[in-house]
J.: 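Please read through the structure below; I'll follow up with questions.
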Amino acid sequence: MARSTKTEVSKLLRVLVVGGVALAAAAGPAAAAADDKAPAEQGAAAKAKDKPAAKHKGKAKEKAKEDAKAGEAKDSGAGGVKGW
Amino acid sequence: MSGPGLPVPDRVRELAASAWVFRWQVELEAEVRFAGLANRLESLGAPTLIVELARRAAGEEARHAVLCARMAAELGRPVPALSPPPPPAVAPSGLAEEEAVTYELTAACCVTESVSVAVLTALLPAAGAPSLHRALRELLADEVGHARLGWAHLALARERGRTAFLGPLLPAMLEGSVDEDLFLPVEPAREEPALLPLGVLPHALKRELFARSLEEVVFPGLEGAGVDAAAGRAWLAARAGAAGDAPASR
Ligand SMILES: [Fe+2]
Ligand SMILES: [Fe+2]
């Protein structure tokens with residue numbers, strides 16, 4: 001690939017990802033939405049913080065759940081979006 | 001695959017035309033996808049700015065479809081009279097609605113729109129006709145916004161601790177985003193540099209740009225948003241390895 005194309009691609013991290021994160025900051029109230037929508041989860045998260053063992057167990061459980069999800073991903077119709 | 005026996009310039013033109021027809025279809029599907037996502041984001045209580053960006057993106061994709069149809073027609077291949085059917089859902093079944101929306105925005109925006117921006121950026125300086133140059137510039141400006149929408153949503157989802165589930169799903173997401181033959185050898189006409197001034201990347205360059213976009217934009221972006229991209233990186237290494245590509249230098 002031409003050197004200029006390489007440079008262009010590496011610039012996109014800032015243009016797209018950092019640009020998106022800035023947009024999120026401008027968009028604002030993700031935290032407010034969390035307060036409204038997931039009080040049970042927030043409570044659970046706070047409890048897990050108090051108990052490191054529980055947090056660890058939760059993480060392992062989460063990991064197992066993710067591994068299972070990956071195996072099932074194909075069967076469950078997980079796909080992607082075709083573009084240019 | 002061997003060519004149909006046409007002289008190369010005709011075959012190249014034909015390939016370019018069919019690429020623009022395919023893009024017309026992709027843009028119409030994106031219109032429907034963004035319109036649906038805007039409604040779903042609104043129902044989930046997403047910030048107004050995010051909802052509005054998704055809604056605006058739907059309108060922009062409709063305009064892109066018109067541009068792509070025009071390019072296809074200029075190359076001698078009018079698009080079908082009937083629009084394609086609505087796109088299928090891409091999120092795996094069994095996800096909660098919030099996660100399903102995050103999955104779809106990640107697939108459509110963080111992956112596909114980010115790669116599209118890289119493709120358009122590469123195509124722009126090679127565009128032959130002024131009308132093509134104008135069209136690519138217009139598309140590029142909008143697709144930057146669409147990619148940012150995805151990264152913005154992901155940053156917000158990260159604040160809520162709702163992004164880690166994406167990691168193991170990345171291989172399926174990436175697999176579904178590429179043409180079946182992206183990592184395979186193709187007929188020589190598809191590697192013709194003469195495709196570039198018609199707004200189409202030669203196959204090997206398309207593959208290289210896709211891989212580089214994942215390595216330099218998508219994977220770091222995902223990792224920054226709390227997604228373990230290891231499974232995605234492994235998928236790319238396996239696919240690029242099978243295609244005989246050397247891993248891109250850092
Ligand atoms: Fe578009
Ligand atoms: Fe787009």
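Atoms considered below: every heavy atom in the structure, side chains included; atoms not considered: hydrogens, waters and symmetry mates. Chain letters run A, B, ... following the sequence lines, proteins first, then strands; residues in each count from 1. All values reported here derive from a predicted model rather than from experimental measurement.
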J.: A:Ala22, A:Ala25, A:Gly19: which one forms the most heavy-atom pairs within less than 4.5 Å of chain B?
T.: A:Gly19
J.: Does B:Arg239 pair with B:Glu175 as a salt bridge, N-O distance under 4.0 Å?
T.: yes
J.: Which one wins on heavy-atom pair count under 4.5 Å against chain A: B:Thr121, B:Val117, B:Ile50?
T.: B:Val117
J.: Inspect the contact between B:Arg160 and B:Glu98 and indicate whether a charged nitrogen and a carboxylate oxygen are less than 4.0 angstrom apart.
T.: yes
J.: Pick from A:Leu16, A:Val21, A:Leu13: which one has the most heavy-atom pairs with chain B under 4.5 Å?
T.: A:Leu16
J.: Identify which part of B:Glu27 has an atom lying under 4.5 Å from any heavy atom of chain A, answering side chain, backbone, both or neither.
T.: side chain
J.: In terms of heavy-atom contacts, does CZ of B:Arg40 have more than 12 from other residues, nucleotides or ligands at under 6.0 Å?
T.: yes
J.: Checking heavy atoms, do the side chain of B:Val178, its backbone, both or neither come under 4.5 Å from chain A?
T.: backbone
J.: Minimum heavy-atom separation for B:Cys109 to B:Gly150, with atom names?
T.: CB-CA, 3.4 Å
J.: Among B:Met173, B:Arg23, B:Glu104, single out the residue with the greatest number of heavy-atom pairs under 4.5 Å to chain A.
T.: B:Arg23
J.: Are B:Arg33 and B:Glu61 within salt-bridge range, i.e. N to O under 4.0 Å?
T.: no
J.: Can you tell me if B:Ser177 uses its side chain to pair, donor with acceptor, with the backbone of B:Thr112 under 3.5 Å?
T.: no
J.: Enumerate the residue pairs fulfilling side chain to side chain donor-acceptor pair (under 3.5 Å) with a member in residues 221-231 of chain B, sequence neighbours excluded, ordered by first and then second residue.
T.: B:Glu223-B:Arg233
J.: Between B:Val26 and chain A, with a heavy-atom cut-off of 4.5 Å, which part of the residue counts as in contact: side chain, backbone, both or neither?
T.: side chain
J.: If I measure from the heavy atoms of chain A, does B:Leu139 come under 4.5 Å with its side chain, its backbone, both, or neither?
T.: side chain
J.: Which answer fits B:Ala91, side chain, backbone, both or neither, if we ask what part of it has an atom under 4.5 Å from a heavy atom of chain A?
T.: backbone
J.: So, B:Trp20 side chain and B:Leu67 main chain: donor-acceptor pair closer than 3.5 Å or not?
T.: no
J.: Tell me, side chain or backbone of B:Leu120 under 4.5 Å from chain A's heavy atoms, or both, or neither?
T.: side chain
J.: Given that the side chain runs from C-beta out, which part of B:Val115 has a heavy atom under 4.5 Å from chain A: side chain, backbone, both or neither?
T.: neither
J.: What part of B:Leu154 gets closer than 4.5 Å to chain A, counting heavy atoms only: side chain, backbone, both or neither?
T.: neither
J.: Less than 4.0 angstrom from a charged side-chain N to a carboxylate O is my criterion; do B:Asp181 and B:Arg190 meet it?
T.: yes
J.: Let me know if B:Phe210 has heavy atoms under 4.5 Å from chain A in its side chain, its backbone, both or neither.
T.: neither
